[in-house]
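Remarks on the structure that follows.
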Amino acid sequence: MRLFRLAKIITVGLRFGLDQMVLEADSSGRLGKLWHVVFFWRHPKAPRGERLRRALESLGPIFVKFGQMLSTRRDLLPPDLADELAMLQDRVPPFPSEQALKVLEDFYGKPVDEVFVDFERTPVASASVAQVHFARLPDGTEVAVKILRPGIEPVIAHDLALLDTAAALLEKLWPEARRLKPREVVAEFSKYLHDELDLMREASNCSQLRRNFTSSKLLQVPEVYWDWCGKSVMVMERMRGVPISQLDALRAQGTDLKALSRAGVEIFFTQVFRDGFFHADMHPGNIFVHADGRYIALDFGIVGTLTEVDKSYLAQNFLGFFKRDYNRVARAHIEAGWVPAHTRVDEFESAIRAVCEPIFDRPLKDISFGKTLLRLFQTARRFEMEVQPQLVLLQKTLLNIEGLGRQLDPELDLWKTAKPFLERWMDEQMGWRGLLRNLKDEAPSWAGTLPQIPRLVHRVLDSTAHRHEVQSGELERLARAQRTQGRVLWLIGALLATLVGLELYRIFG
């Protein structure tokens, strides 16, 4: 079976001229000439990016998802390939309703109509991993039921094995592929895909994001109904809104598109810098707009998380860009540990300046925030920076947010919108407000620790005294051993001297 699938991949690759991408890496050109003689009738006219996109679409949904993920690795791919792969759409026909009902009956242990008051047999959305049906719970609550595609696990395992094999072959046949690290990229894709196969994980992501924005006037997140959820089924609140890509419908319902674009930027930076937990799959298909102007987030299979170090690093970088303080940007990289400590700050600063200065010759509203971050990563790689997965997800999400924002408002100045937020966050983290907040956060632990301090001090002193006694005893033992050794050596020396004297007396008599 795997051989047939591999044969299909090779056939599709040849049909779309993907072999030309490998031949381009042969600097001598001899292999290309021989190949063109053998396949003299093939003359691909479409750009290589388009041919790669169409080939992945022909190979099926798992390869489409791989291409989507690959498009986020702009630190590795040439721009023309990344731009074309970003156009991939996960168009997958729904699986039969009978299969959906069977999954639900196996999970709940009883017929669907005994679980839900009403269950719509026709799905409202379908993707490569799951599809969604509307239903109503026994208390009348309207819900959306997400069901994992039956038999998807072995299909994914099979295709991932083929992708890994293809990546290994690519590394051997195409020298340039080693820089792109195809096997590492496949491993990263495998991790994300397996995360999406566990709907309990997605439900927990949704629940966390909802908790973070409970009282928000900008974002709505559906409630999860845990009693009906499992690894293959997720039941959440049904959300009503207009897809964000339908601009005419948004205008018709009275939505202020300029305010909506600014709200999207604020939501993103709130997730990143306040929570360190962000929705990392915010393409237009996953975002709706409520009649009251609030965003509605859907599909929580992929989220990104950031540590305090990550957040500080990003904030200092962004503010350094705003102020064109490249020394600060260089030092932020080194202090965060993203580039080696032995990196010369002045050389790194010079490289960053060479990338960024041409950008700032244009109006701020025309500058791509996401692409600037991408160029920073590409420059840092020359200084041995290992790109962190969470930063790649962040850069992908930022590009999505920026694209959506400028689709809603072409005049959106992302830098101007983000700068006050970042400055406020930095002040809260490092100013007097940050100090007060940290004191407040630590106060409960201090209240429990302070009464124990006398006992802890006594224990330390007692332990120190005991160690001192042990060390003194050990030193005394060593001193005794040394004195004994000295006496033995003295006796041996005296005996040798006596023997030498006797021998001399015998000789000279």
Side-chain angles (χ1 to χ4, degrees), residues 1-2 4-5 8-9 12 54 56-68 88-138 141-163 189-190 192-203 206 222 224-240 243 281 283-286 288 298-302:
M1 180 68 180
R2 186 170 294 182
F4 285 119
R5 183 64 167 155
K8 180 181 178 182
I9 292 172
V12 169
R54 291 171 59 197
L56 292 175
E57 288 173 339
S58 297
L59 289 170
I62 302 305
F63 286 82
V64 167
K65 290 188 79 69
F66 179 65
Q68 290 172 337
L88 284 168
Q89 298 296 318
D90 202 5
R91 303 187 190 93
V92 182
F95 53 87
S97 297
E98 293 75 17
Q99 292 184 19
L101 296 175
K102 181 70 168 57
V103 171
L104 294 175
E105 288 176 9
D106 289 345
F107 175 68
Y108 293 119
K110 52 186 175 181
V112 172
D113 292 333
E114 294 181 18
V115 179
F116 302 102
V117 173
D118 179 45
F119 182 86
E120 294 185 13
R121 266 55 176 176
T122 304
V124 294
S126 178
S128 55
V129 171
Q131 70 184 31
V132 178
H133 294 253
F134 287 147
R136 280 193 298 127
L137 297 179
T141 303
E142 292 185 318
V143 294
V145 183
K146 188 169 187 176
I147 306 167
L148 201 66
R149 189 173 285 268
I152 190 65
E153 290 93 340
V155 173
I156 286 177
H158 181 264
D159 279 356
L160 285 175
L162 286 175
L163 278 171
F189 172 60
S190 175
Y192 292 141
L193 201 52
H194 281 103
D195 285 351
E196 287 192 71
L197 291 176
D198 185 353
L199 295 187
M200 283 295 283
R201 180 188 293 269
E202 179 173 346
C206 175
V224 174
Y225 298 100
W226 290 104
D227 291 343
W228 284 268
C229 291
K231 190 173 187 295
S232 58
V233 180
M234 176 181 171
V235 178
M236 61 193 136
E237 178 185 1
R238 177 176 176 177
M239 309 300 284
R240 285 184 165 83
D281 199 17
H283 61 74
N286 289 339
F288 284 58
L298 300 171
D299 196 346
F300 310 92
I302 303 176

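This chain uses plain numbering: 1 for the first residue, then up along the sequence.
- Arg201 has no carboxylate O lying under 4.0 Å from a charged side-chain N of Glu196, or vice versa, which leaves the two without a salt bridge.
- Residue Arg238 places its CZ atom among more than 12 non-hydrogen atoms of other residues, nucleotides or ligands, all under 6.0 Å distant.
- Shown here for His194 and Leu160, the closest heavy-atom pair between the two residues is CE1-CD1, 3.6 Å.
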Chi angles and distances behind the side chain to side chain contact (heavy atoms under 4.5 Å, CB included) call for Phe300, Asp281: CA-CA 7 Å; Phe300 310 92; Asp281 199 17; over 6 Å; no

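- Looking at Cys229 and Met236, their side chains never come closer than 4.5 Å, going by heavy atoms from C-beta outward.
- Using a 4.5 Å cut-off on side-chain heavy atoms (C-beta onward), Glu237 and Tyr225 make contact.
- The CZ atom of Phe95 sits 9.5 Å away from atom CD1 of Ile152, with the distance rounded to the nearest 0.5 Å.
- In this structure, His158 contributes its side chain and Pro154 its backbone to no donor-acceptor pair below 3.5 Å.
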Side chain to side chain contact (heavy atoms under 4.5 Å, CB included) between Met239 and Leu298, intermediate numbers included: CA-CA 9 Å; Met239 309 300 284; Leu298 300 171; 4.2 Å; yes

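- When every heavy atom of Leu148 is checked against every heavy atom of Glu153, the shortest pair comes out as CD2-OE2, 3.7 Å.
- Ser126 is not listed as a side-chain neighbour of Pro93, based on a closest heavy-atom distance of 4.5 Å or more.
- Among Asp118, Val143, Asp227, the one residue that satisfies the side-chain contact (heavy atoms from CB on, under 4.5 Å) test with Leu137 is Val143.
- The closest side-chain heavy-atom distance from Trp228 to Val115 is below 4.5 Å.
- A salt bridge is defined here as a Lys NZ or Arg NE, NH1 or NH2 lying under 4.0 Å from an Asp or Glu carboxylate O, and Asp198 with Lys231 fails to meet this definition.
- If you run side-chain contact (heavy atoms from CB on, under 4.5 Å) between Phe134 and each of Thr122, Val124, Val145, only Val124 comes through.
- Atoms CD and CG, on Glu202 and Leu197 in that order, are 11.0 Å from each other to the nearest 0.5 Å.
- Pairing each heavy atom of Ala203 with each of Met234, the nearest pair is CA-CE, 3.7 Å.
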Test side chain to side chain contact (heavy atoms under 4.5 Å, CB included) applied to Ile156 and Leu193, step by step: CA-CA 8 Å; Ile156 286 177; Leu193 201 52; 3.5 Å; yes

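- In this model, a donor atom of one side chain and an acceptor atom of the other lie less than 3.5 Å apart for His133 and Gln131.
- When every heavy atom of Cys206 is checked against every heavy atom of Pro222, the shortest pair comes out as SG-O, 3.3 Å.
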Residues Ile147, Ser232; criterion side chain to side chain contact (heavy atoms under 4.5 Å, CB included); working and verdict: CA-CA 6 Å; Ile147 306 167; Ser232 58; over 6 Å; no

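- Between Arg149 and Val103, the closest side-chain pair of non-hydrogen atoms is not below 4.5 Å.
- Ionic pairing of Glu142 and Arg240 is present here: one or more N-O contacts between side-chain nitrogen and carboxylate oxygen are shorter than 4.0 angstrom.
- In this structure, Val224 and Val235 have side chains that are not in contact, with every pair of non-hydrogen atoms separated by 4.5 Å or more.
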